[in-house]
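This report concerns only the one structure given below.
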Amino acid sequence: MSCGCFTGSRLYKKKSAEQPAQPGVDEQLLRNVNHLPYNELRSATDDFHLSNKIGRGGFGTVYKGILKSGKHIAVKTLSTESKQGVREFLTEINTLSNVRHPNLVELIGCCVQGVKRILVYEYVENNSLDRVLLGATKTDIKLNWEKRSAICVGVAKGLAFLHEELVPHIVHRDIKASNILLDQEFNPKIGDFGLAKLFPDGITHITTRIAGTTGYLAPEYVLGGQLTMKADVYSFGVLVLEIISGRNSGKAIWGQQHKFLLEWAWQLHQEGKLLELVDPEMGGFPAEEAIRYMKVAFFCTQAAASRRPMMSQVVEMLSKNIRLNEKELTAPGFFQASECSSSVASTNKKSTDSTQRMSSVPETITQVTPR
């Protein structure tokens, strides 16, 4: 999801008499889910007018809306490819709407009418991180080190909650700058968590739009379909490098050899020039702390998934001024998409993991066919 969302949920609870009948769904389930009438959402978004479009992602399009009460909301119209029935859909939404954490976007309701599936979120004032910080759509908002470091820590805390505290655990599957929303105080909120469960694996945005998110994807996930929490950890590591550098990980624009962000960052680390990665527009920053954050990113992106830390450990490494055990650090795993083939490269033989089908030949790129 490319942008912001919502506010408190109690105002949207509807009496069962106001809800459209849902064949095959018991009334108790409907009472547990905030169901907003489709016409109310049409009115709130001016019939989903293009001028109210604030983002588009693999799961659907997001519109800004204003309810009659004056409350601002973000309305996500999901693509219709999900084969779930109404009951299954509402059951999942019921679970997600009960998830509460300061660093997660709050899901406050939904709408189910015919084949339409719509989610209603809190509205997040400062849009998504990629619009604020990255690419051609970058805004005039300037993020200093204090804000950037707080965003890194906040996202890490949100992921740690999804991975380790929430039951059942949730693997996000698509951590990237466009899914990190910033509130009025620039506190980060992770969006789109749990939505992958609503869609069959064969038609998720990750598998159908892989070139668009390649820079964030763990090699073992792309090549072997090994979806674990450590895939999210990898994506988070790339995100940290983006936040510190102010550059998009998916564009090969670093150095004379047109390397991708993670590759270039690792090369600078090996050359002892890691501070060259820092965004010059950030202004003053504590050099040692910035270097520590980037090294934490390397721990998160190690080629062997088993060597990556848990997100609760990442929170600790970012939050406390502790000495990192760099002797345990091995090279990152790289995945790149080209027109006819995919590449995985790692620059350290020690990072070889028998459970991963990817190359760890020093300073080479081995052609691998995605599975």
Side-chain angles (χ1 to χ4, degrees), residues 103-104 152-177 179-180 190 192-197 201 204-207 210 213-243 249 260-263 265-266 293-318 324-326 328-336 342 344-360 368 370-371:
N103 298 116
L104 299 178
C152 292
V153 173
V155 175
K157 289 181 177 179
L159 275 176
F161 176 81
L162 290 175
H163 287 183
E164 302 169 41
E165 298 180 45
L166 188 65
V167 179
H169 304 317
I170 289 180
V171 179
H172 190 287
R173 301 178 66 167
D174 200 18
I175 290 296
K176 57 183 178 181
N179 276 334
I180 307 303
I190 301 172
D192 275 7
F193 63 89
L195 292 196
K197 295 176 64 178
D201 285 344
T204 63
H205 53 314
I206 290 177
T207 54
I210 197 168
T213 54
T214 311
Y216 295 97
L217 298 181
E220 76 278 0
Y221 180 27
V222 178
L223 300 181
Q226 299 175 33
L227 176 61
T228 69
M229 295 175 185
K230 295 303 180 72
D232 280 353
V233 175
Y234 181 99
S235 301
F236 173 79
V238 175
L239 179 68
V240 170
L241 295 178
E242 286 189 321
I243 292 172
S249 65
F260 285 83
L261 177 58
L262 179 56
E263 292 180 277
W266 182 252
Y293 272 54
M294 289 185 280
K295 288 181 179 178
V296 170
F298 292 139
F299 274 99
C300 292
T301 54
Q302 292 178 100
S306 61
R307 300 189 67 89
R308 299 172 204 154
M310 297 175 63
M311 286 308 304
S312 58
Q313 295 174 310
V314 173
V315 172
E316 185 174 6
M317 288 191 289
L318 293 176
L324 301 176
N325 187 3
E326 295 185 45
E328 296 296 319
L329 180 62
T330 57
F334 306 122
F335 173 84
Q336 300 164 8
S342 301
V344 175
S346 174
T347 56
N348 192 326
K349 288 184 178 180
K350 295 181 181 180
S351 63
T352 302
D353 184 345
S354 61
T355 65
Q356 302 178 63
R357 293 179 175 84
M358 56 185 183
S359 170
S360 58
V368 182
R371 294 178 181 271

- prompt: What are the two closest non-hydrogen atoms of Ala160 and Ser312, and how far apart are they?
  reply: CB-N, 3.9 Å

query: Can you find a heavy atom in the side chain of Tyr216 that is under 4.5 Å from one in the side chain of Glu242?
result: yes

query: For Phe299, which residues count as a ring pair (Phe, Tyr, Trp, His ring centres under 6.0 Å) partner, sequence neighbours excluded?
result: none

message: Which heavy atom of Ala231 sits nearest to which heavy atom of Ala218, and what is that distance?
response: CA-CB, 4.0 Å

query: Arg308 and Ala303: which non-hydrogen atoms are nearest, and at how many Å?
result: NH2-O, 3.3 Å

query: Hey, is the main chain of Asp174 close enough, under 3.5 Å, to the side chain of Asn179 for a donor-acceptor pair?
result: yes

message: Run the side chain to side chain contact (heavy atoms under 4.5 Å, CB included) test on His172 and Ile190 for me, step by step, so that the C-alpha distance in whole Å, both residues' side-chain angles and the decisive distance to 0.1 Å come before the verdict.
response: CA-CA 9 Å; His172 190 287; Ile190 301 172; 3.5 Å; yes

query: How long is the span from the CE atom in Met311 to the CE atom in Met229, to the nearest 0.5 Å?
result: 11.5 Å

task: Go through the steps for Val296 and Val240 under the test side chain to side chain contact (heavy atoms under 4.5 Å, CB included), then give the verdict.
output: CA-CA 9 Å; Val296 170; Val240 170; over 6 Å; no

- prompt: Would Phe161 and Leu104 count as a side chain to side chain contact (heavy atoms under 4.5 Å, CB included) if you check the C-alpha gap in whole Å, the side-chain angles of each, and the deciding distance to 0.1 Å?
  reply: CA-CA 9 Å; Phe161 176 81; Leu104 299 178; 3.7 Å; yes

message: Measuring from atom CG of Leu195 to atom CZ of Arg173, what distance do you get when rounded to the nearest 0.5 angstrom?
response: 11.0 Å

- request: Give the minimum heavy-atom separation between Gly237 and Ala297, together with the two atoms involved.
  value: O-CB, 3.3 Å

task: Could you tell me whether the side chain of Arg307 and the main chain of Glu328 form a donor-acceptor pair under 3.5 Å?
output: yes

- request: Test side chain to side chain contact (heavy atoms under 4.5 Å, CB included) on Val233 and Met310 and set out the steps.
  value: CA-CA 7 Å; Val233 175; Met310 297 175 63; over 6 Å; no

message: On a heavy-atom basis, which atom in Ala265 and which in Phe298 lie closest, and how many Å separate them?
response: O-CZ, 3.4 Å

- prompt: Between atom CG of Leu239 and atom CD1 of Ile180, what is the distance when rounded to the nearest 0.5 Å?
  reply: 5.5 Å

query: In Å, rounded to the nearest 0.5 Å, how long is the span from CD of Glu165 to NZ of Lys157?
result: 11.0 Å

Side chain Tyr234, main chain Gly333, donor-acceptor under 3.5 Å: yes

- request: Find the distance between CG (Leu318) and SG (Cys152) and round it off to the nearest 0.5 Å.
  value: 6.5 Å

- prompt: Around atom NZ of Lys230, are there more than 12 heavy atoms of other residues, nucleotides or ligands at under 6.0 Å?
  reply: yes

- line: Rounded to the nearest 0.5 angstrom, the CG-CG distance for Asp232 and Leu162 is 8.0 Å

field: Exam field: side chain Ser249 to backbone Leu261, donor-acceptor pair closer than 3.5 Å
entry: no

